[in-house]
Structures are given as C-alpha cells and as structure tokens.
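Below is one structure, written out as structure tokens; the observations come after it.
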Amino acid sequence: MHTRFILINTSHAGNVGAAARAIKTMGFDDLVLVAPRWPNVLRREETIQRASGALDVLDKCRIVDTLDEALDGITHLCATAMTPRDFGPPTTTPREHFEALSKKELLAQTPSAPGNDLASEPAVQGQQGIGFLFGSERFGMRNEDVYRCHVCLSIPSNPSFGSLNIGAALQVIAYEWRLALGGFGVQSPFAPSHLADAAQVTGMLTHLEQSLVQLGFLDPAAPKKLMPRLNALFNRAQVTQEEIHILRGIAKAILQQNPQLPARSADLVAIDGKPVLKG
C-alpha cells in the first residue's frame, strides 16, 4: 500500500526537515506540504539541516495549495489530532487501527470461498494508498479536514502533558505503520560467530588440562571428574571458534610462564602436531 505523509500549513521550516528524516528512517519517501508558511521551505537552511541527510525526500517533496491536490491516489485517510471532537471519524490508537487495517487487507487478498462474500465487502477492499494528515503546529487540524478522514489517530501519552512536536508525532506514526507492514529486521554490527566443533573443543580441553597440571591445580594421578565437568561446561556454553583460540592462548601463556620439569614422554600425546599431556 502506498504511503503518503501530508503536512498542512506548516509554520516552522525545521519541522519539514524533521519530517523528511523521520519518514526516510522508516522506509517512506512521499511527503506533501499543503500551503506551508514559507514558499521556499524546501531550500531553507534549517530544513536541510534538520533533514540530516534525507535530501532525496526533500527533492521528491511536493508543495500544493489545497488539501485536495495532496490526496491523489489516496483511498484511506488518517487524521492526527490530540483534541477530541464531538463529531467526526472514530478516534483510536495508531497500533490498534493499523492492526485492524492489516487484517482487512489480508482478507481482501484472500480468494473468497463459494457463498462467502466477505472479501468483496467495501470495508475490506484493498486500499490503493494511505495518507496521514498533520495540522499546523500553532492551530492543529481544522475540523473540516478531520471530517474528511476515515479515522483520527491519537498517540497514547501522559494525560496531563500530551504535547508532541510534529516531527516526533510523525516519527511515532511512521514507526507504528512500518511495524504493521512487517518492520525491518535488526541488523547486527558484528559478523556472525561460528560455533566450535567437537574436535576443536577436545583440542582446547587437552591443552587446558596440560596448563592446569603445570599450575598444580590438577593432579594427573587423581584427576577425578574435573575435565569431564569442564567439558560439560563448555558444551553448555556453546563456545565459538574465536573463544577456543582465546582459551588456548591462555593455556599457552600459563605453560610459558610456569615452566616445570619436562613431562615424561609416556604422559604426552600429539595434538595438532604438538606434544601435550594425555587426558
């Protein structure tokens, strides 16, 4: 569904830049200004600064004289108003409305079974485009503009202080709508780690056992169940290959800094081409 954000009579240039930044962050790019205070608002320095790199949205942004001109292709219109009205469209939260709208869209896309006319009902027909209206910072939305909308969205906020900057309000609406559309996956800044395989864990444990013997912590004549317990610990931890390298580096450092009498050849076994103590 195409998405458009419409700002009516915007008085502060910075809010236009903030709006461009907010919708680009959520993957949208259709911004329309209806009779803004500044005819050159898209080129003003404050607008560009507040856009913080969303210049492509500003380049694509349209400025029109009337709301009618901003509504081409829009079939579902949402007002954003804090002040309750005695008359007009129903008021609901963004999340509640978007969930209901998503369900209707799914029904509209599902082929109807014989005798089932649900998908053909006008209320659940697929929408061509959805528009979000935001009024002037000073006066909010006019009643006549609200009356044209299918719903009035109200962001749940502190009952004693519900004042939101238009850029912040737009960001909340854009975020909620993006979630309803499926959202974006969280991108990890780190490369994926690879789990160590059984052979790597065994090699590390053997190396660690040698260092524990050198420290005098493990008596090879009476090892008890120390190494099996450590094996179980590392299996639960699901150590990565990088962590195996760290642990073997620690074992190597212990062996280098705590030299003792050479181990008997009968106690050694070759691991990765290097002699280490038998387990």
### Message
Run the side-chain contact (heavy atoms from CB on, under 4.5 Å) test on Leu7 and Asn15 for me, step by step, so that the C-alpha distance in whole Å, both residues' side-chain angles and the decisive distance to 0.1 Å come before the verdict.
### Response
CA-CA 10 Å; Leu7 307 186; Asn15 285 334; 5.8 Å; no

### Message
Checking the side chain of Thr47 only, and the main-chain atoms of Gly17 only, is there a donor and an acceptor separated by less than 3.5 Å?
### Response
no

### Over 12 foreign heavy atoms within 6.0 Å of CD, Glu45
no

### Query
Which is it for Leu170 and Asn165 under the side-chain contact (heavy atoms from CB on, under 4.5 Å) test, yes or no, and what are the steps along the way?
CA-CA 9 Å; Leu170 197 147; Asn165 172 270; over 6 Å; no

List the atom pairs, with distances to 0.1 Å, where a side-chain N or O of residues 25-37 and a protein N or O form a donor-acceptor pair under 3.5 Å, not counting sequence neighbours.
unit_1: Thr25; atom_1: OG1; unit_2: Arg21; atom_2: O; d: 2.8
unit_1: Asp29; atom_1: OD1; unit_2: Lys60; atom_2: NZ; d: 3.2
unit_1: Asp29; atom_1: OD2; unit_2: Lys60; atom_2: NZ; d: 3.2
unit_1: Asp30; atom_1: OD2; unit_2: His2; atom_2: NE2; d: 2.6
unit_1: Asp30; atom_1: OD2; unit_2: Arg4; atom_2: NE; d: 2.8
unit_1: Asp30; atom_1: OD2; unit_2: Arg4; atom_2: NH2; d: 3.4

### Message
Before you tell me yes or no, could you show the steps for Thr3 and Phe132 under side-chain contact (heavy atoms from CB on, under 4.5 Å), namely the whole-Å CA-CA distance, both residues' side-chain angles and the distance that decides it to 0.1 Å?
### Response
CA-CA 8 Å; Thr3 301; Phe132 299 105; 3.7 Å; yes

### Task
Scan side-chain atoms only and decide if Ser11 and Glu137 contain a donor-acceptor pair under the 3.5 Å cut-off.
yes

### Query
Counting only heavy atoms not in Gln241, do more than 12 fall under 6.0 Å of its CD?
yes

### Query
Of all residues at least two apart in sequence or in a different chain, which pass the salt bridge (charged side-chain N to carboxylate O under 4.0 Å, His left out) check with Arg43?
none

### Message
Around atom CZ of Arg95, are there more than 12 heavy atoms from other residues, nucleotides or ligands closer than 6.0 Å?
### Response
no

### Task
Examine distances only and state if a side-chain atom of Thr10 and a backbone atom of His12 form a donor-acceptor pair shorter than 3.5 Å.
no

### Query
Counting distance only, does the side-chain N/O of Gln210 pair as donor-acceptor with the main-chain N or O of His207 below 3.5 Å?
no

### Message
Using side-chain heavy atoms (C-beta onward) and a distance below 4.5 Å, is Gln257 in contact with Leu215?
### Response
no

### Message
Main chain of Thr93, side chain of Ser154: is a donor-acceptor contact present, judged purely on distance under 3.5 Å?
### Response
no

### Message
Is a donor from one side chain sitting under 3.5 angstrom from an acceptor on the other, for Asp68 and Thr66?
### Response
no

### Query
Ring centres of His97 and His76 under 6.0 Å apart?
yes

#### Entry: Criterion side-chain contact (heavy atoms from CB on, under 4.5 Å) on Leu179 and Phe98, from CA distance to verdict
CA-CA 9 Å; Leu179 282 184; Phe98 295 159; over 6 Å; no

### Query
Under a 4.0 Å N-O cut-off, is there an ion pair linking Arg44 with Glu46?
no

